Protein chains: 2
Amino acid sequence: MDNNTIFIEKLRSSGLRPTKQRIKICKLLFNRKKTFHFTISDIFKILKKQTYEKISLATIYNTVHSFKEKGYLKEISVDREKSYFDTNTSNHHHFLDVNTNELIDLKNEDVHNIKIKKRIPGKKINSIEVLVKIENSN
Amino acid sequence: MDNNTIFIEKLRSSGLRPTKQRIKICKLLFNRKKTFHFTISDIFKILKKQTYEKISLATIYNTVHSFKEKGYLKEISVDREKSYFDTNTSNHHHFLDVNTNELIDLKNEDVHNIKIKKRIPGKKINSIEVLVKIENSN
DNA sequence: CTAATAATTTATAATGATTCTAAAGTAGTG
DNA sequence: CACTACTTTAGAATCATTATAAATTATTAG
Ligand SMILES: [Mn+2]
Ligand SMILES: [Mn+2]
Ligand SMILES: [Zn+2]
Ligand SMILES: [Zn+2]
């Protein structure tokens with residue numbers, strides 16, 4: 001209820017009309033304490049279960065992409081066959097569980113002291129991303 | 001000439017028949033001093049220029065994938081829309097030049113001391129990959 | 001060497017994720 | 001309410017990759 005107002009404001013202030021589809025997607029993505037890592041198909045499936053009214057796949061693509069453009073989501077490339085989006089838009093690192101294909105955030109404090117010694121002339125460093133692949137340990 | 005013999009041996013010892021297509025692709029990929037980072041479409045274009053006899057796209061897919069399975073190539077996921085392969089199959093890090101989309105190897109010495117403090121119970125670390133995005137610095 | 005067999009290559013079709021299209025619906029404005 | 005611009009939608013188009021199945025080639029046995 002009150003959340004809706006916040007999302008409506010957020011959308012309006014980004015130049016996006018607060019449609020019911022966008023608000024529903026906002027709730028799904030941003031009403032969370034923890035970072036949410038998801039694929040388009042995750043969202044589609046979740047929304048299909050909460051049947052009220054179906055949101056078309058095209059709208060989910062459109063919405064997720066416009067949220068990304070507005071800076072509310074970040075796209076993560078860890079696997080060719082899955083495009084992940086991330087509600088944590090800061091520069092941060094990840095565990096990737098290769099058994100479950102799940103992404104887990106690493107806080108910056110969790111990753112010690114990355115120093116890149118090499119430099120390429122005429123180029124500057126834009127970002128540093130660490131991906132730690134993990135698997136069942138038994 | 002002599003290289004051919006080496007590739008023929010390598011292929012045979014992996015249970016792959018040394019066809020002329022595979023040998024030609026071996027030469028293109030592995031007759032190099034430096035690591036080669038490439039896409040399927042790079043290979044297809046290069047081979048098309050060296051016209052002798054055309055190699056079909058399906059064969060390039062088949063060959064690159066079997067070389068990957070045999071451990072002669074590694075696939076790198078840095079960008080959804082491009083699948084890179086890497087002739088350096090060791091665990092190593094990369095610069096990604098966002099202006100040219102080029103991958104550049106970082107030696108392990110080039111990346112200082114990565115320590116991951118967090119652990120996930122029941123999981124062990126499989127690999128750690130650092131991707132350093134760089135761009136023109138003017 | 002030749003014939004038989006199994007692997008490989010190839011053109012082409014199928015697939016599937018994403019993007020495009022254009023018509024119908026909706027939100028904002030006055 | 002009436003107008004306009006934006007949005008949603010179903011379905012089509014696209015494009016990289018994978019599958020298919022017929023023709024070719026490499027290997028093996030004789
Ligand atoms: Mn994969
Ligand atoms: Mn990209
Ligand atoms: Zn994250
Ligand atoms: Zn490399």
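Protein chains get the first letters and strands the later ones, always in sequence-line order, with residue 1 at the start of each. Keep in mind the model is a prediction, meaning the values are calculated, not measured.
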**Asked** Could you state the interatomic distance from CZ (A:R17) to CZ (A:R22), rounded to the nearest 0.5 Å?
**Response** 9.0 Å

**Prompt:** To the nearest 0.5 Å, how far apart are OG1 in A:T35 and NZ in A:K107?
**Reply:** 9.5 Å

**Complete:** Between the CD1 atom in A:I128 and the CD1 atom in A:I114, the distance rounded to the nearest 0.5 Å is 6.0 Å

Taking N or O atoms only and anything under 3.5 Å, show me the protein contacts with nucleotides 19-23 of chain C, one pair per line.
none

**Complete:** Atom CD of B:Q21 and atom C1' of C:dT9 are separated, to the nearest Å, by 6 Å

**Prompt:** Between B:N88 and B:H37, is any side-chain donor less than 3.5 angstrom from a side-chain acceptor?
**Reply:** no

**Request:** Measure from CD1 on B:I55 to C1' on C:dT8 and round the result to the nearest Å.
**Result:** 12 Å

**Gap separating the CG atom of B:L16 from the OG1 atom of B:T63, nearest 0.5 angstrom** = 8.5 Å

**Asked** Is any side-chain nitrogen or oxygen of B:T19 closer than 4.0 Å to OP1 or OP2 of C:dA7?
**Response** no

**Prompt:** Once you round it to whole Å, what is the distance between P of C:dA17 and CG of A:D42?
**Reply:** 12 Å

**Request:** For DNA chain D, note the earliest and the latest nucleotide, 5' to 3', having some atom under 4.0 Å of a heavy atom belonging to chain A.
**Result:** D:dA5 to D:dT17

**Item:** Touch class at under 4.0 angstrom, heavy-atom based, for B:K54 against every strand present
**Value:** sugar-phosphate

**Prompt:** Is the shortest side-chain N/O distance from B:R22 to OP1 or OP2 of C:dT8 below 4.0 Å?
**Reply:** yes

**Message:** In whole Å, I'd like the distance from the NZ atom of A:K82 to the C1' atom of C:dT18.
**Reply:** 16 Å

**Pairs involving residues 115-124 of chain A, ordered by first then second residue, that meet side-chain hydrogen bond (donor to acceptor under 3.5 Å, both in side chains) (sequence neighbours left out)** = A:K123-B:D97, A:K123-B:N136

**Asked** Do the non-hydrogen side-chain atoms of B:I55 and B:K20 ever get within less than 4.5 Å of each other?
**Response** no

**Prompt:** Looking for any heavy atom pair under 4.0 Å, which part of the strands does B:T59 touch: base, sugar-phosphate only, or nothing?
**Reply:** base

**Message:** By nearest heavy atom, map A:I60 and B:L16 onto DNA chain D; which one lands nearer the 5' end?
**Reply:** A:I60

**Message:** Is a donor from one side chain sitting under 3.5 angstrom from an acceptor on the other, for B:T39 and B:D42?
**Reply:** yes

**Message:** If you apply the rule side chain to side chain contact (heavy atoms under 4.5 Å, CB included), what do you find for A:I134 with B:I125, and how did you get there?
**Reply:** CA-CA 4 Å; A:I134 59 177; B:I125 290 177; 4.1 Å; yes

**Prompt:** Within this structure, what is the CZ-to-P distance between A:R17 and C:dG25, rounded to whole angstrom?
**Reply:** 17 Å

**Request:** Measure from CG on B:L11 to C1' on C:dT8 and round the result to the nearest Å.
**Result:** 13 Å

